Undergrad: 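Got a structure for you, questions after.
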Number of protein chains: 2
Amino acid sequence: MLSTTGLPQGAVPKLERPGPLRDRVYEALLELITTRALQPGQHLVENELAGHLGVSRQPVREALQRLNTEGWVDLRPAQGAFVHEPTEEEADQLLTVRTLLEAEAARLAAANAGAAAIDALEEMCAEGERAVADDDVDAAVAMNARLHAKVMELAGNAVLAELAAQVDRRVRWYYTPVARQRGRQSWNEHRELIAAIADRDEQRATAVMRAHTEHTRKSYHEREK
Amino acid sequence: MLSTTGLPQGAVPKLERPGPLRDRVYEALLELITTRALQPGQHLVENELAGHLGVSRQPVREALQRLNTEGWVDLRPAQGAFVHEPTEEEADQLLTVRTLLEAEAARLAAANAGAAAIDALEEMCAEGERAVADDDVDAAVAMNARLHAKVMELAGNAVLAELAAQVDRRVRWYYTPVARQRGRQSWNEHRELIAAIADRDEQRATAVMRAHTEHTRKSYHEREK
DNA sequence: GCGCCGTAGACTGTAGGCGAAAGCCAATTC
DNA sequence: GAATTGGCTTTCGCCTACAGTCTACGGCGC
């Protein structure tokens with residue numbers, strides 16, 4: 001039996017529950033790490049974090065466990081948690097994997113995308129270009145992330161999406177201090193990508209996305225001077 | 001200063017320490033899940049597991065956390081842990097990703113492999129073929145895993161390796177009850193793969209590996225009848 | 001007899017505490 | 001003067017205890 005109450009099914013506010021503390025601690029710590037409030041190599045003392053966040057050590061421990069398996073912190077036995085220190089090699093390997101995952105996502109998106117999806121992509125692209133024109137870097141970065149996420153969604157592969165999300169987030173972490181945005185050129189490439197998807201040209205979509213992410217890698221390596 | 005004691009550096013047994021309890025609980029649970037001693041959908045009660053393993057709830061919880069982030073169990077809030085139930089769709093998506101990762105590994109291996117590595121691969125391949133000839137399925141499966149692991153190692157990309165290890169393990173879990181081995185044909189494909197790597201032919205290595213894992217997918221979908 | 005409400009049980013989520021290992025610093029010895 | 005060793009502090013790993021929440025069952029009214 002469904003809905004004897006007559007209430008609209010989707011409109012119920014769902015009674016926002018606080019949810020498990022560990023999750024909020026996890027998000028808080030991840031935020032602190034990605035924003036560099038906690039610097040790479042820093043020793044994370046459970047007691048301090050717990051006190052600072054107003055909770056006990058237990059949720060903190062569980063959050064650290066998760067951060068460890070996802071590669072954000074290194075958990076040295078009997079010594080505690082340390083914010084992971086990115087190396088050149090690792091950054092490069094992450095970029096390689098990212099290229100791989102994003103390219104596959106583009107291919108699948110090209111195979112699956114409908115007209116409505118194409119419109120949504122182009123709308124996002126336009127908004128991104130507008131942000132660049134306004135020199136609104138934050139908005140441009142956000143739009144970039146949303147566009148890639150949309151492509152991933154269109155790919156319709158949840159496993160791929162989850163892996164890509166993790167890798168992407170870490171790539172951004174490594175990459176952020178270098179250069180926050182490649183700017184205009186990046187959005188031209190987005191246009192190309194959307195065109196390829198709209199044409200349902202899997203080959204071209206893959207190639208364009210690969211070139212796109214490879215450009216990111218290039219600009220990563222051509223920094224620091 | 002190194003070694004005033006005169007003890008041989010490498011021969012020291014390293015005093016095998018028990019290591020963190022949570023890790024051993026993790027491995028124990030993973031073993032129980034992959035062997036289907038704990039069936040998909042089953043409710044895992046922390047107290048029972050703790051009592052059964054002779055530890056307290058805490059290490060069990062931390063192990064469950066990790067299993068959750070790696071996709072082996074689903075952690076429903078305020079309700080506990082349940083062994084993840086594989087779906088058709090998810091299995092297919094995992095196989096897609098696996099194909100992707102393994103193919104890239106093959107390409108990188110072809111780019112990096114030295115003569116010694118090729119020899120090692122061929123030795124493994126020979127051993128695998130021997131196992132198949134002897135109808136020793138367990139040995140053949142183990143050898144298959146080791147060979148793929150070796151290719152991954154040759155790729156020299158730790159990030160890729162870690163993702164692939166996770167995905168592979170889950171694929172095996174889904175795939176095991178169906179058919180444990182495709183047998184002889186699989187090892188012919190391995191031979192082709194090694195040949196391509198030995199020739200440093202990245203294109204061919206990628207293609208062969210892709211075909212190889214795609215065959216696995218095919219035989220997965222052509223089951224249950 | 002049917003359905004609703006209340007209560008009891010069970011399990012998870014969180015907190016606090018105790019023992020032990022690792023690291024650090026100073027005193028001591030060669 | 002340098003290395004070592006002993007003790008001390010810090011912090012983790014694990015256990016125990018308590019509070020909140022979900023589920024299931026039995027009683028009560030209709």
Side-chain angles (χ1 to χ4, degrees), chain A residues 1-7 12-29 32 38-39 41-69 72-85, chain B residues 1-7 12-29 38-39 41-69 72-84:
Chain A
M1 145 184 48
L2 34 100
S3 184
T4 58
T5 63
L7 282 173
V12 181
K14 215 58 171 293
L15 208 22
E16 196 66 52
R17 243 186 311 175
L21 254 192
R22 55 168 174 254
D23 291 343
R24 286 187 296 179
V25 172
Y26 165 82
E27 283 167 25
L29 289 181
L32 288 174
L38 298 175
Q39 292 180 4
Q42 183 170 344
H43 185 186
L44 302 179
V45 180
E46 296 174 357
N47 255 330
E48 288 182 15
L49 297 177
H52 192 273
L53 296 173
V55 298
S56 124
R57 276 178 54 205
Q58 178 91 359
V60 174
R61 281 180 66 81
E62 296 183 356
L64 288 176
Q65 289 285 331
R66 184 167 164 198
L67 289 169
N68 177 46
T69 70
W72 293 101
V73 307
D74 299 321
L75 223 47
R76 292 188 236 169
Q79 199 179 351
F82 295 78
V83 179
H84 181 73
E85 301 193 58
Chain B
M1 150 188 37
L2 34 101
S3 184
T4 57
T5 62
L7 283 174
V12 181
K14 215 58 171 295
L15 212 17
E16 195 66 52
R17 244 186 310 177
L21 205 47
R22 54 167 174 247
D23 291 343
R24 286 188 297 179
V25 172
Y26 165 81
E27 284 168 23
L29 290 181
L38 298 175
Q39 293 179 4
Q42 183 170 344
H43 185 188
L44 301 179
V45 180
E46 295 174 357
N47 255 329
E48 288 182 16
L49 297 176
H52 192 273
L53 296 173
V55 299
S56 126
R57 277 179 54 205
Q58 174 101 356
V60 173
R61 281 180 68 81
E62 295 184 357
L64 288 176
Q65 292 286 330
R66 184 165 163 199
L67 289 169
N68 178 45
T69 69
W72 294 101
V73 307
D74 299 321
L75 222 47
R76 293 187 235 169
Q79 197 176 355
F82 296 79
V83 180
H84 182 72

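Keep in mind that this is a model prediction, so the values were computed, not measured. Numbered from 1 within each chain, the chains take letters A, B, ... in sequence-line order.
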Undergrad: Measure the distance from CD on A:Glu62 to C1' on D:dG13 and round it to the nearest whole Å.
TA: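 So the two atoms are 14 Å apart, to the nearest Å.
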
Undergrad: Closest to the A:Ser56 side chain: C:dA15, D:dC12, C:dG13?
TA: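 Nucleotide nearest to A:Ser56's side chain: C:dA15.
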
Undergrad: In whole angstrom, give the distance that lies between atom CD of A:Glu48 and atom P of D:dT11.
TA: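 Spelled out: CD on A:Glu48 to P on D:dT11 is 7 Å.
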
Undergrad: For B:Glu46 and D:dT16, give me the distance from atom CD to atom P, rounded to whole Å.
TA: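 Those two atoms, CD and P, are 15 Å apart.
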
Undergrad: Could you state the interatomic distance from CD (A:Glu27) to CG (A:Leu67), rounded to the nearest 0.5 Å?
TA: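 A:Glu27 CD to A:Leu67 CG: 10.5 Å, rounded to 0.5 Å.
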
Undergrad: Nearest to the side chain of A:Arg22, heavy atoms from C-beta on, is which of D:dT11, C:dG13, C:dG23?
TA: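 It is C:dG13.
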
Undergrad: More 5' along DNA chain C: A:Pro77 or A:Pro59, using each one's nearest nucleotide?
TA: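 Its nucleotide being nearer the 5' end, the pick is A:Pro59.
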
Undergrad: Test A:Arg61 against A:Leu64 for side-chain contact (heavy atoms from CB on, under 4.5 Å), laying out the working first.
TA: CA-CA 5 Å; A:Arg61 281 180 66 81; A:Leu64 288 176; 5.6 Å; no

Undergrad: Given C:dT12, D:dT11, C:dT14, identify the nucleotide with an atom nearest to the side chain of A:Gln58.
TA: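 The answer is C:dT14, which lies nearest to the side chain.
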
Undergrad: Going through the checks in order, is the side-chain contact (heavy atoms from CB on, under 4.5 Å) test met by B:Arg66 and B:Arg22?
TA: CA-CA 10 Å; B:Arg66 184 165 163 199; B:Arg22 54 167 174 247; over 6 Å; no

Undergrad: Does the side chain of B:Arg57 get closer than 4.0 angstrom to OP1 or OP2 of C:dT12 through an N or O atom?
TA: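 No, because none of the side-chain N or O atoms of B:Arg57 sits under 4.0 Å from OP1 or OP2 of C:dT12.
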
Undergrad: Taking only the side-chain heavy atoms of B:Val55 (C-beta and beyond), determine which of D:dC15, D:dG13, C:dA15 contains the nearest atom.
TA: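 Nucleotide nearest to B:Val55's side chain: D:dC15.
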
Undergrad: Mind checking B:Leu44 for me? I need base, sugar-phosphate or nothing, with any heavy atom below 4.0 Å counting as a touch.
TA: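 Contact class for B:Leu44: sugar-phosphate only.
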
Undergrad: Tell me whether B:His43 at atom NE2 has more than 12 heavy atoms from other residues, nucleotides or ligands lying less than 6.0 Å away.
TA: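 Counting other residues, nucleotides and ligands, NE2 of B:His43 exceeds 12 neighbours.
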
Undergrad: Would you indicate, yes or no, if C:dT12 has its OP1 or OP2 atom less than 4.0 angstrom from a side-chain nitrogen or oxygen of B:Arg61?
TA: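 Answer no for this pair, as no side-chain N or O of B:Arg61 is under 4.0 Å from OP1 or OP2.
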
Undergrad: If I take atom CG in residue A:Leu49 and atom C1' in nucleotide D:dT11, what distance separates them, rounded to the nearest angstrom?
TA: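 Rounding to the nearest Å, CG of A:Leu49 and C1' of D:dT11 are 12 Å apart.
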
Undergrad: Starting from C1' on D:dT10, measure out to CD on A:Gln79 and report it in whole angstrom.
TA: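 Taking CD of A:Gln79 and C1' of D:dT10, I get 12 Å after rounding.
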
Undergrad: Rounded off to whole Å, could you give me the NE2-to-P distance for the B:His43 and D:dT23 pair?
TA: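 Distance, rounded to whole Å: 11 Å.
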
Undergrad: Nearest to the A:Val45 side chain among D:dG13, D:dT11, D:dC15, which nucleotide is it?
TA: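 Nearest listed nucleotide: D:dT11.
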
Undergrad: Yes or no on side-chain contact (heavy atoms from CB on, under 4.5 Å) for A:Asp74 and A:Glu85, after CA distance, side-chain angles and deciding distance?
TA: CA-CA 9 Å; A:Asp74 299 321; A:Glu85 301 193 58; 6.0 Å; no

Undergrad: Tell me: CG of A:Asp23 to C1' of C:dT14, nearest whole Å?
TA: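 In whole Å, C:dT14 C1' lies 14 Å from A:Asp23 CG.
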
Undergrad: Tell me the interatomic distance from B:Leu21, atom CG, to C:dA20, atom P, rounded to whole angstroms.
TA: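 Spelled out: CG on B:Leu21 to P on C:dA20 is 15 Å.
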
